[in-house]
Amino acid sequence: MTFHARHLLGIEHLSPLDITTLLDLAEQYVTLNRARNKHTDVLAGLTQINMFFENSTRTQASFELAGKRLGADVMNMEVAASSIKKGETLIDTALTLNAMHPDLLVVRHPQSGAVDLLAQKVNCAVLNAGDGRHEHPTQALLDALTIRRAKGRLHRLTIAICGDIAHSRVARSNILLLGKMESRLRLIGPPTLIPSGAADWGVEVYDDMAEGLRDADVVMMLRLQKERMDGGFIPSGREYYHRYGLDAAKLSHAKPDAIVMHPGPMNRGVEIDGTIADDINRSVIQEQVEMGVAVRMAAMDLLARNLRAGPVEVMV
Ligand code: NCD
């Protein structure tokens, strides 16, 4: 099996075989991460720089842990303390860092397309840790690994993605990935939070939770991304919860063994009821976090192999 990409900028550029290769390798890292000694030297001698221009808890922590467990020298650039605050452009900052010879650059940026642009200017491998409302490829990959482990496959599942689809890079990357792997996708949310044109993506669109969740295998909830909203998209938090918040009554329309997912950060009592989020028989939210470290290790391992030797055989 091979993995040809030089960067990981989005799911858009990956083939089903690339996705399977990455997830198979991530399985090995799940095992390593559960062992007492979590250290390997796969990235020994390589330098990883994390540049987060937007807040992050899970993604930044897991990229940092992933790099350290693989033996890389990991630097977190403190954006708040950097020259960006003095007016330096993103590209100038990137060129400055590039001159220090990093091998892997992990970037999160509030503008869609900023990470692709940056990748054209540097000669290391770039990993997109989320750009605006465009893509968040490692999130979709960790979601896929979580689903595959719970359901045994990624094809022919009915997967409902619920809530603020319009502002969500997580939704976009998941729609691309799960579509490539031949699952049936349903988007559920108020019409104001469903992107125009969604009906042409080969997905079903619902604005009623009971209808949209009927017989679903996977229920993926999303946060209302108010920081990307420039107006009144929802009537009120209370009404939103009443109509779209996942509670036991709404979940009862899904299959009895349906799993509940959320990329975090979660707003309890807005898009999801706290008891559902904490129900270990239904919620795989903590497992998503665990899979995040393994998937990021696999992604950096594969990109580093390509850095060293060009496309290579990957034994999984
Ligand atoms: C998401 C993000 O930043 O896109 N969080 C994450 O990476 N786990 C989702 C969100 O912010 O709601």
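If you're wondering where the values come from, they're calculated on a predicted model, not measured in any experiment. Computed over heavy atoms, backbone and side chain alike; hydrogens, waters and symmetry mates excluded. Both counts, for ligands and for their atoms, begin at 1 and track the order of listing.
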Can you pull out the closest protein heavy atom to atom 3 (O) of ligand 1? Residue, atom name and distance to 0.1 Å, please. Arg169 NH2, 2.9 Å

Just need the protein heavy atom nearest to atom 8 (N) of ligand 1, so name the residue and atom and give the distance. Pro263 O, 2.9 Å

Measuring from atom OG of Ser112 to atom CD of Glu135, what distance do you get when rounded to the nearest 0.5 angstrom? 10.5 Å

Would you call [X] and [Y] a salt bridge, using N to O less than 4.0 angstrom?
X      : Y      : answer
Arg268 : Asp278 : yes
Asp164 : Lys226 : no
Arg148 : Asp24  : yes

Can you tell me which portion of Glu54 lies within the under-4.0 Å heavy-atom range of ligand 1? Options are side chain, backbone, both, or neither. neither

Measure Val170 to ligand 1 on non-hydrogen atoms and call it side chain, backbone, both or neither using the 4.0 Å cut-off. side chain

Please identify which atoms of ligand 1 are closer than 4.0 Å to at least one heavy atom of [X].
X      : value
Arg108 : 2 (C), 3 (O), 7 (O)
Gln139 : 6 (C), 7 (O), 8 (N)
Arg223 : 10 (C), 11 (O), 12 (O)

Select the closest option to atom 7 (O) of ligand 1 among His167, His136, Gln60, judged by heavy-atom distance. His136

Would you call Gly264 a ligand 1 contact, heavy-atom distance under 4.0 Å? yes

With Arg296 as the cation and Phe63 as the aromatic partner, state whether NZ or CZ is under 6.0 Å from the six-membered ring centre and within 45° of the axis. yes

Checking side-chain polar atoms at under 3.5 Å, does Asp18 have a donor or acceptor matched by the opposite partner on Thr21? no

For a salt bridge (Lys or Arg N to Asp or Glu O under 4.0 Å) check, start with the C-alpha distance between Arg184 and Glu204, then their side-chain angles and the critical distance, and finish with the verdict. CA-CA 8 Å; Arg184 286 183 292 266; Glu204 292 170 34; over 6 Å; no

